[in-house]
Amino acid sequence: MTDITSQSDFFSSVSKTPAHTLQQDQNAVVLLSGGLDSVTCLYWAKARYACVTAVSFNYGQRHNSELVAAKAIAKTAAVNHRIIDIDIAQLGGSSLTDHSMTVPDGDADKFPDKKHDKIDNDAIPNTYVPARNTIFLSYALAVAEVTAANHIVIGVSSVDYSGYPDCRPEYIAAFEHMANLATKAGVTGHHLSIQTPLQRLSKAQTIELGLTLGVEYGQTISCYQADEDGLACGVCDSCALRRQGFVQAGVADPTHYQAQYQRPE
């Protein structure tokens, strides 16, 4: 069953669990985009597992600033890092891979009330990349097999998010079930779990967690349309959610914004 932890239990497990009970004889693969959520997951995994491999994807996304950030983050965290090339852009269907489509401005106020079981097509923004998490998790599953990893860690959340269907807990549970049917590891009794430590956390709670783990959020890039210098636009969905998270956490926003963006007072 997918590991979904409550906020109180989660923070307690980070700060109070003795080191020898943190599965430090096991390995993990972490999906690392270079953004706020994925770096929090990376440091969460580092605190628990013997060896962590970070996996990033060059999939034809609108900019490569996040990959530059992912490289720097992996280096700072001193973990193995693989960048896998996949041309999802040739499929189209998302403003994150199709430059003819416009990335919509964000409206963070609508997100906290969005429930994972109330997704409708009209509410899913065009920044959704068709089947992206399924593709990424499939590659991560292969990396887990060749690195003898017992866990795949992904930073999905069904609290503060843009309404993507492949962030829901039932999807993660279904993928985990499939993974243990489809792999050598699974059929030989080496169970593989999909860990979603942020599933029930808001963006503010994620930030609070990351700070307890030593995350440097100034290294991260979450923007859907960052420029070549890695500066955030400040107005897309991802920027809106990120900015709201720092405000609600009562933490200074370390995001580097483009000159034309007027940071709120």
[Y] side chain reached by [X] side chain, heavy atoms, under 4.5 Å:
X: Asp37; Y: Lys203; answer: yes
X: Tyr224; Y: Cys233; answer: no
X: Tyr43; Y: Leu209; answer: no
X: Glu176; Y: Leu192; answer: no
X: Leu137; Y: Leu31; answer: yes
X: Val153; Y: Pro197; answer: yes
X: Tyr217; Y: Val251; answer: no

Would you confirm whether [X], through its side chain, and [Y], through its main-chain N or O, come within 3.5 Å as a donor-acceptor pair?
X: Ser65; Y: Asp227; value: yes
X: Ser33; Y: Ser38; value: no
X: Asp229; Y: Leu231; value: no
X: Ser157; Y: Leu201; value: yes
X: Arg243; Y: Gly234; value: yes
X: Ser158; Y: Arg168; value: no

- Task: For Thr220, check side-chain hydrogen bond (donor to acceptor under 3.5 Å, both in side chains) against everything at least two apart and list the hits.
- Result: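 With sequence neighbours excluded, Thr220 shows a side-chain hydrogen bond (donor to acceptor under 3.5 Å, both in side chains) to Arg242, given in chain and number order.
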
- Qualifying residues under side-chain hydrogen bond (donor to acceptor under 3.5 Å, both in side chains), relative to Gln258, sequence neighbours excluded: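 Gln260.
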
For the hydrophobic clusters of this structure (ILVMFWY residues joined by side-chain heavy atoms under 4.5 Å, transitively), does one cluster hold both [X] and [Y]?
X: Val143; Y: Met178; result: yes
X: Leu241; Y: Val247; result: no
X: Val68; Y: Ile73; result: no

- Query: Checking side-chain contact (heavy atoms from CB on, under 4.5 Å) for the pair Tyr139/Val55: CA distance, chi angles, key distance, verdict?
  - Reply: CA-CA 9 Å; Tyr139 274 89; Val55 177; 5.6 Å; no

First locate atom [atom1] of [X], then atom [atom2] of [Y], and finally report the distance between them rounded to the nearest 0.5 Å.
X: Ser56; Y: Asn64; atom1: OG; atom2: CG; answer: 12.0 Å
X: Thr206; Y: Leu211; atom1: OG1; atom2: CG; answer: 11.0 Å
X: Ile172; Y: Ile154; atom1: CD1; atom2: CD1; answer: 5.0 Å
X: Tyr171; Y: Asn133; atom1: OH; atom2: CG; answer: 5.5 Å
X: Ser202; Y: Gln244; atom1: OG; atom2: CD; answer: 8.5 Å

- Where do Gln199 and Val156 land on the side-chain contact (heavy atoms from CB on, under 4.5 Å) test, with the steps shown first? CA-CA 6 Å; Gln199 185 67 260; Val156 295; 3.6 Å; yes

- Task: Check Val29, Thr147, Leu32 against Arg82 for a side-chain contact (heavy atoms from CB on, under 4.5 Å) and give me the one that passes.
- Result: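 Option passing the side-chain contact (heavy atoms from CB on, under 4.5 Å) with Arg82: Thr147.
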
Who are the side-chain contact (heavy atoms from CB on, under 4.5 Å) partners of [X], not counting sequence neighbours?
X: Ala185; answer: Glu145, Thr183, His190
X: Ala232; answer: Cys223, Cys239, Thr255, Tyr257
X: Asp85; answer: Asn58
X: Asn27; answer: Ala50, Cys51, Ala148, Ala149

To check you understand the geometry: which heavy-atom pair defines the closest contact between [X] and [Y], and what is its length?
X: Ala54; Y: Val79; result: CB-CG2, 4.1 Å
X: Ile221; Y: Ala226; result: CG2-CB, 4.0 Å
X: Pro169; Y: Arg200; result: CG-NH2, 3.9 Å
X: Thr40; Y: Val215; result: CA-CG2, 4.2 Å

- Item | His81: ring-ring contact (aromatic ring centres under 6.0 Å, His included) partners, not counting sequence neighbours |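 His81 satisfies ring-ring contact (aromatic ring centres under 6.0 Å, His included) with no residue once adjacent residues are dropped.
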
- Message: Among residues at least two apart in sequence or on other chains, which ones pass ring-ring contact (aromatic ring centres under 6.0 Å, His included) with Phe136?
- Response: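 Only Phe57, Tyr59 meet the ring-ring contact (aromatic ring centres under 6.0 Å, His included) criterion with Phe136.
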
- Task: Not counting sequence neighbours, list each pair that qualifies as a salt bridge (charged side-chain N to carboxylate O under 4.0 Å, His left out) and has a residue in residues 253-262.
- Result: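 Every salt bridge (charged side-chain N to carboxylate O under 4.0 Å, His left out) pair that includes a residue of residues 253-262, provided the two are not neighbours, is Asp253-Arg263.
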
- Relative to the ring of His151, is the ring of Tyr49 parallel (under 30°), tilted (30 to 60°) or perpendicular (over 60°)?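 Rings of Tyr49 and His151: parallel, as their planes differ by under 30°.
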
- Item | Residue pairs passing the side chain to side chain donor-acceptor pair (under 3.5 Å) test where at least one lies in residues 69-78, sequence neighbours excluded |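 For residues 69-78: Thr76-Gln219.
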
